[in-house]
Protein chains: 2
Amino acid sequence: MSTTPDVETMVSTVRGAAKRVTAAKRTVAEVLVEAHGHLTVDEITSAVQRQRPEVSPSTIYRILEEFEELELVVHAHLGQPAAVYHLAGIVHGHLTCEICQRTVEIPSSHFDALSRELLARYGFQLDRHHLALSGRCRACRDAGAGTAITSGATA
Amino acid sequence: MSTTPDVETMVSTVRGAAKRVTAAKRTVAEVLVEAHGHLTVDEITSAVQRQRPEVSPSTIYRILEEFEELELVVHAHLGQPAAVYHLAGIVHGHLTCEICQRTVEIPSSHFDALSRELLARYGFQLDRHHLALSGRCRACRDAGAGTAITSGATA
DNA sequence: TTAGATGCAAAGACTTTGCGCACTT
DNA sequence: AAGTGCGCAAAGTCTTTGCATCTAA
């Protein structure tokens with residue numbers, strides 16, 4: 001039921017919800033489908049503007065909000081202030097290193113036991129789309145805090 | 001090693017770090033010690049200003065930053081954009097309901113197994129001070145999304 | 001045709017920064 | 001006395017909102 005949507009599916013969903021299919025929406029959908037990791041609104045905006053320079057950030061926000069209501073995308077808050085978005089259906093957890101800020105995606109199955117425990121003990125239904133944990137990645141731990149950013153930037 | 005600090009301990013730590021002990025810092029320390037849950041900067045500011053109206057938010061930010069460097073406090077990002085702060089030593093996880101925004105604190109022991117798994121599998125050292133998960137609390141699940149805010153506000 | 005979507009600009013929430021004076025040491 | 005820390009105000013980042021216009025249906 002939660003397979004990664006493609007552009008056509010997304011377009012159909014929008015249409016099916018009695019919303020309008022616009023060029024901006026189509027482009028955002030394309031960008032999200034082509035992107036592999038998570039993208040900030042800024043990144044999405046830049047990518048969209050490469051094709052359609054007139055599209056404004058506020059429109060991106062509105063489109064993402066709509067896509068989220070339609071359960072086409074989900075967002076998460078990782079280490080940085082700006083939220084990141086990715087397609088729904090790619091259900092996974094995020095491990096963000098608080099030193100180098102890099103994020104690793106891990107299968108959400110790692111959360112199975114915890115999830116069951118939280119439900120049983122607290123009646124709390126874990127949202128598997130928003131799983132974000134912070135800590136220190138191996139590289140930064142090895143480097144001993146501080147001298148961490150060796151190879152790249154955000155993944 | 002990580003017992004909850006009291007005001008005196010905090011003051012000593014500040015002094016020991018060759019930082020100055022000011023009225024504002026003392027008041028922030030008091031507020032944090034007296035508070036039981038986590039507080040936003042806004043809440044801390046209001047509480048501090050009740051005693052010292054001249055203290056400005058920017059000072060609170062600077063003091064919290066210093067306290068965090070001294071490992072006296074930690075902050076976490078729960079559902080809302082504003083970060084929340086609490087004393088270090090109160091190591092626990094946070095479960096935030098994405099409907100009613102209420103947060104429950106749970107013992108971090110729930111994360112033991114997951115923590116071991118992440119370390120073994122990814123070399124990722126989970127930061128037990130920043131544990132924040134979102135999902136739906138029992139009340140909101142029972143109420144069936146939407147009609148959720150029945151009793152109170154943020155805990 | 002007509003209501004939803006967009007673009008632009010302004011406002012809003014949260015946080016950071018610059019600067020000169022006050023206060024701790 | 002010396003220099004850190006503070007108050008105030010301005011700027012910065014991320015996000016939301018208002019409104020006139022445009023456009024998908």
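In what follows, every chain begins at residue 1, and chains take the letters A, B, ... in the order their sequences are listed. No hydrogens, no waters, no symmetry mates; every other heavy atom, side chains included, goes into these values. All values derive from a computational prediction rather than experimental measurement.
For residues 59-76 of chain A, proximity to DNA chain C is found at A/T59, A/R62, A/I63, A/E66, defined as any non-hydrogen atom under 4.0 angstrom from a strand atom.
Following rounding to the nearest Å, A/E43 (CD) and D/dT15 (P) show an atom-to-atom distance of 12 Å. Atom CG of A/L78 is separated from atom C1' of D/dC14 by 15 Å (rounded to the nearest Å). Atom CD of B/E54 and atom P of D/dG7 are 6 Å apart (whole Å). A straight line from CZ of A/R52 to C1' of C/dC8 spans 19 Å, rounded to a whole angstrom. In this structure, NZ of A/K25 is placed 15 Å from P of D/dT23, rounded to the nearest angstrom. Between the CG atom of A/L39 and the P atom of D/dC14 there is a distance of 15 Å, given to the nearest Å. The CZ atom of B/R20 sits 5 Å away from the C1' atom of C/dT24 (whole-angstrom rounding).
Between B/D112 and B/R128, at least one side-chain N (NZ, or NE/NH1/NH2) sits under 4.0 Å from a carboxylate O, which counts as a salt bridge.
Contact annotation: A/T22 reaches the phosphate of C/dT6 (side-chain N/O to OP1 or OP2, under 4.0 Å).
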query: Between B/S12 and B/T9, does a side-chain hydrogen bond (donor to acceptor under 3.5 Å, both in side chains) hold up when you go through it step by step?
result: CA-CA 5 Å; B/S12 307; B/T9 308; over 6 Å; no
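Counting only heavy atoms from C-beta on, B/K19 has its side chain closest to D/dG5 among C/dA5, C/dT6, D/dG5.
When ring centroids are compared, B/F111 and B/H92 stay outside the 6.0 Å threshold. In this structure, B/H75 has its ring center under 6.0 Å from that of B/H130. In summary, the aromatic rings of B/H94 and B/H38 are positioned with their centroids under 6.0 Å apart.
For the pair B/T59 (side chain) and B/V55 (backbone), a donor-acceptor distance under 3.5 Å is absent.
Fit an axis to the five pairs at each end of the helix from C/dT1-D/dA25 to C/dT25-D/dA1 and the two axes sit 30° apart, to the nearest 10 degrees.
Within the 4.5 Å cutoff, side-chain heavy atoms of A/H86 are placed close to those of A/V74.
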